[in-house]
Amino acid sequence: MLLSASAEVIAGIFIFVGTIISLISAIGLVRLPDVYTRSHAGSKSSTLGVLSVLVGTLLYFVISEGYFSIRLILGIVFVFLTAPVAAHVICRAAYRSNVPLTETSAEDQLKDYFEQQSKEVNE
């Protein structure tokens, strides 16, 4: 009985932390100024939030119920691999479509790279 109670507490902590991180991510999506910073908030923190919730759920079922869910493991792997890659592709597409950076951006590190690439293609 004691093991089951501790599993519920540990799983509850993981799930609570995951929901707080997801809430912060949602606030970042609304408050940040441009597509690049919004993508950062949407991918990194929401990925961590979802992973925390899934790990908490997995721990609960493993410790309390004795049930190991391969679906939860696949969900963790899928979210961990696809969310950052999708955010990178969206930011790269926005940059190539000339979506402007916010005025507070310090520097544009890709500008020189793409200018050099276009010169090489034109030659």
Side-chain angles (χ1 to χ4, degrees):
M1 182 67 179
L2 182 63
L3 186 62
S4 176
S6 64
E8 289 178 7
V9 169
I10 292 170
I13 289 171
F14 269 100
I15 292 170
F16 181 73
V17 167
T19 55
I20 295 298
I21 292 171
S22 294
L23 175 67
I24 292 169
S25 174
I27 292 170
L29 285 173
V30 173
R31 300 275 317 219
L32 292 172
D34 64 351
V35 68
Y36 308 106
T37 54
R38 287 180 184 159
S39 175
H40 180 77
S43 66
K44 293 188 188 277
S45 56
S46 66
T47 300
L48 183 60
V50 169
L51 290 179
S52 294
V53 170
L54 290 176
V55 166
T57 306
L58 179 70
L59 288 176
Y60 174 77
F61 281 115
V62 166
I63 296 171
S64 179
E65 305 289 326
Y67 175 71
F68 183 79
S69 174
I70 194 69
R71 291 181 184 171
L72 284 172
I73 295 293
L74 289 174
I76 290 169
V77 170
F78 182 74
V79 169
F80 185 71
L81 292 177
T82 59
V85 173
H88 177 77
V89 169
I90 290 170
C91 284
R92 185 58 66 106
Y95 191 83
R96 287 181 181 234
S97 299
N98 296 321
V99 174
L101 281 78
T102 184
E103 294 84 25
T104 58
S105 293
E107 68 179 279
D108 185 2
Q109 295 179 349
L110 286 176
K111 184 177 183 179
D112 296 333
Y113 174 75
F114 281 121
E115 286 177 356
Q116 182 181 8
Q117 291 289 57
S118 66
K119 284 180 186 176
E120 290 175 4
V121 168
N122 290 334
E123 291 178 354

Using the rule that Ile, Leu, Val, Met, Phe, Trp and Tyr join whenever any side-chain heavy atoms are under 4.5 Å apart, tell me whether [X] and [Y] fall into a single cluster.
{"X": "Ile10", "Y": "Leu72", "result": "yes"}
{"X": "Ile73", "Y": "Leu54", "result": "yes"}
{"X": "Ile70", "Y": "Leu58", "result": "yes"}
{"X": "Leu23", "Y": "Ile13", "result": "no"}
{"X": "Leu101", "Y": "Val35", "result": "yes"}

query = Under 4.5 Å between any side-chain heavy atoms of Phe14 and Leu59, yes or no?
reply = yes
ask   = Mind checking whether Ser45 and Ile24 have side chains closer than 4.5 Å, heavy atoms only?
value = no
key: Where Val79 and Pro84 come nearest, the two heavy atoms and their spacing   = O-CD, 3.9 Å
inquiry  = So which atom in Gly56 and which in Ala11 form the shortest heavy-atom distance, rounded to 0.1 Å?
reply    = O-CB, 3.2 Å
Out of curiosity, [X] [atom1] to [Y] [atom2], how far, rounded to the nearest 0.5 Å?
{"X": "Ser39", "Y": "Lys44", "atom1": "OG", "atom2": "NZ", "result": "9.0 Å"}
{"X": "Ile27", "Y": "Ser22", "atom1": "CD1", "atom2": "OG", "result": "11.0 Å"}
{"X": "Ser46", "Y": "Leu29", "atom1": "OG", "atom2": "CG", "result": "7.0 Å"}
{"X": "Leu48", "Y": "Ser25", "atom1": "CG", "atom2": "OG", "result": "10.0 Å"}

query = Any ring-ring contact (aromatic ring centres under 6.0 Å, His included) pairs touching residues 51-82, not counting sequence neighbours?
reply = none
Test side-chain contact (heavy atoms from CB on, under 4.5 Å) applied to Leu32 - qualifying residues, sequence neighbours left out = Thr37, Arg38, Ala41
note = Hits for ring pair (Phe, Tyr, Trp, His ring centres under 6.0 Å) against Tyr95, two or more places apart or cross-chain, chain-then-number order -> Phe114
inquiry  = Quick check against the 3.5 Å criterion: does Asp34 have a side-chain atom that pairs as donor or acceptor with the backbone of Thr102?
reply    = yes
message = Exactly one of Leu81, Val50, Val55, Thr57 should register a side chain to side chain contact (heavy atoms under 4.5 Å, CB included) with Ile76. Which one does?
response = Val55
